Amino acid sequence: MNVENTFTYDFSQYTIVSHVFTLGYAAMAAGLVYFVLTSRNSLPRYRLSSTLSGVVMLSAFLELLVISQRWDSAFRWDGEAFVQAGTLFSNGYRYMNWSIDVPVLLLQMLIVFGVTGAAFRRGWIVFTVAGLGMIYTGYVGQFHEVERSAPFWVWGSISTVFFLVILALVYRTVYGNVGRMPAEVRPLVKAVWWLLLGSWMLYPGAYLMPAIWDSADGVVARQITYTVADIVSKVVYGILLAVIAQKVSKHEHHEEALAADVTQPRGGI
Ligand code: RET
């Protein structure tokens, strides 16, 4: 059970959470339009990344819509406050959504950075296995967040080990490839590392929120944290990768044109 079900909320606390959920799924719907319409700006070998952003947008849109409806049905106004209405709110839907989005977001990075062959396969396997390991151990732990007994801390710690494995590989992927990318995109490639680090760290922060701030305000802070993390780690990250893919495509197109220019006869008399 989640701590959300252990409090009553005043009008503004309840309403802010409700509004923040709509921001979340509206951002995913908007992102979907962006990725569909801009995928053709990159060379075909990078377009899969935009398709994958579309997959992330649709799955997150549906998950946030469901969680938002769940919030609406879990509480009712009794004239003074929003109180329990019979069904329980649950953050577990988020974890199910991450099962799709975490492996896909990391795969996008391999595609846009031009990782191929054995390094691509190894990266994909490590990202997927460690990603699912991180999510499902955390999922088990969050069932114990109300009493915060040993399983909450033990599963949370095991999940963190997987998280560190992912971060180490992301770091290597970014800094191991940035040198062979065109100079003008290098700052953007490094920004991928900082953006991912900053936004992904918010999720364990939200997991820990009941231990830091166990109150109705803490719940509001936690749902805002999740929403900011979702928008940055999915939408802003996807846009950043799309911009990198566009710039690299332009650069490669230009190089190919130059190479063609050297080898082809000039045609003058
Ligand atoms: C958990 C459990 C507590 C310990 C850690 C966690 C990390 C979660 C992360 C989730 C990232 C999700 C993303 C979703 C995007 O769609 C599972 C909360 C370390 C990093 C990026």
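Quantities reported herein were computed from a predicted structural model and do not represent experimental measurements. Order of listing sets the numbers, starting from 1, for every ligand and every atom in it.
- Closest heavy-atom contact between Trp193 and Leu167: CZ3-O, 3.5 Å.
- Ligand 1 has no nitrogen or oxygen under 3.5 angstrom from a nitrogen or oxygen of Ser159.
- Atoms of ligand 1 found under 4.0 Å from any heavy atom of Asp101, numbered from 1 in the order shown, are 16 (O).
- Nearest protein neighbour of atom 3 (C) of ligand 1, counting heavy atoms only, is Tyr207 CG, 3.6 Å.
- Contact atoms of ligand 1 toward Phe163: 19 (C), 20 (C) (distance under 4.0 Å to a heavy atom of the residue).
- Distance check, rounded to the nearest 0.5 Å: CG of Asp217 to OH of Tyr9 gives 10.0 Å.
- Hydrophobic clustering (ILVMFWY, side-chain heavy atoms < 4.5 Å, transitive): Val219 and Leu88 are in one cluster.
- With respect to Arg45 and Glu252, a salt bridge is recorded, a charged nitrogen being found less than 4.0 Å from a carboxylate O.
- Listed by number with element, the atoms of ligand 1 under 4.0 angstrom from any heavy atom of Pro204 are 5 (C), 7 (C), 19 (C).
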Practice task
Dump the intermediate steps for side-chain contact (heavy atoms from CB on, under 4.5 Å) on Tyr171 and Leu197, then the final yes or no.
Solution key: CA-CA 9 Å; Tyr171 185 88; Leu197 182 68; over 6 Å; no

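- Put simply, the residue from Phe89, Phe75, Trp77 that forms a ring-ring contact (aromatic ring centres under 6.0 Å, His included) with Phe82 is Trp77.
- Across the listed options Lys234, Met134, Met201, Glu63, Met134 owns the non-hydrogen atom lying nearest to atom 20 (C) of ligand 1.
- Closest protein heavy atom to atom 21 (C) of ligand 1: Trp200 CE2, 3.2 Å.
- Atoms of ligand 1 lying under 4.0 Å from any heavy atom of Val102, numbered from 1 in the order shown and given with element: 12 (C), 13 (C), 14 (C).
- Within ligand 1, the atoms closer than 4.0 Å to a non-hydrogen atom of Leu105 are 15 (C), 16 (O), numbered from 1 in the order shown.
- The ligand atoms of ligand 1 that sit less than 4.0 angstrom from a heavy atom of Ser233 are 15 (C), 21 (C).
- With Tyr226 as the aromatic partner, Arg94 meets the cation-pi criteria of under 6.0 angstrom to the ring centre and within 45 degrees of the ring axis.
- Under a 4.0 Å criterion applied to the non-hydrogen atoms of Gly156, ligand 1 contributes the atoms 4 (C).
- Among all non-hydrogen protein atoms, the one lying nearest atom 8 (C) of ligand 1 is Tyr203 CB, 3.6 Å.
- Of the heavy atoms in Trp98, only side-chain atoms (C-beta onward) come closer than 4.0 Å to ligand 1.
- With salt bridges taken as basic N to acidic carboxylate O contacts below 4.0 Å, none links Glu255 and Lys250.
- Here the OH atom belonging to Tyr237 is positioned 9.0 Å from the CG atom belonging to Leu195, to the nearest 0.5 angstrom.
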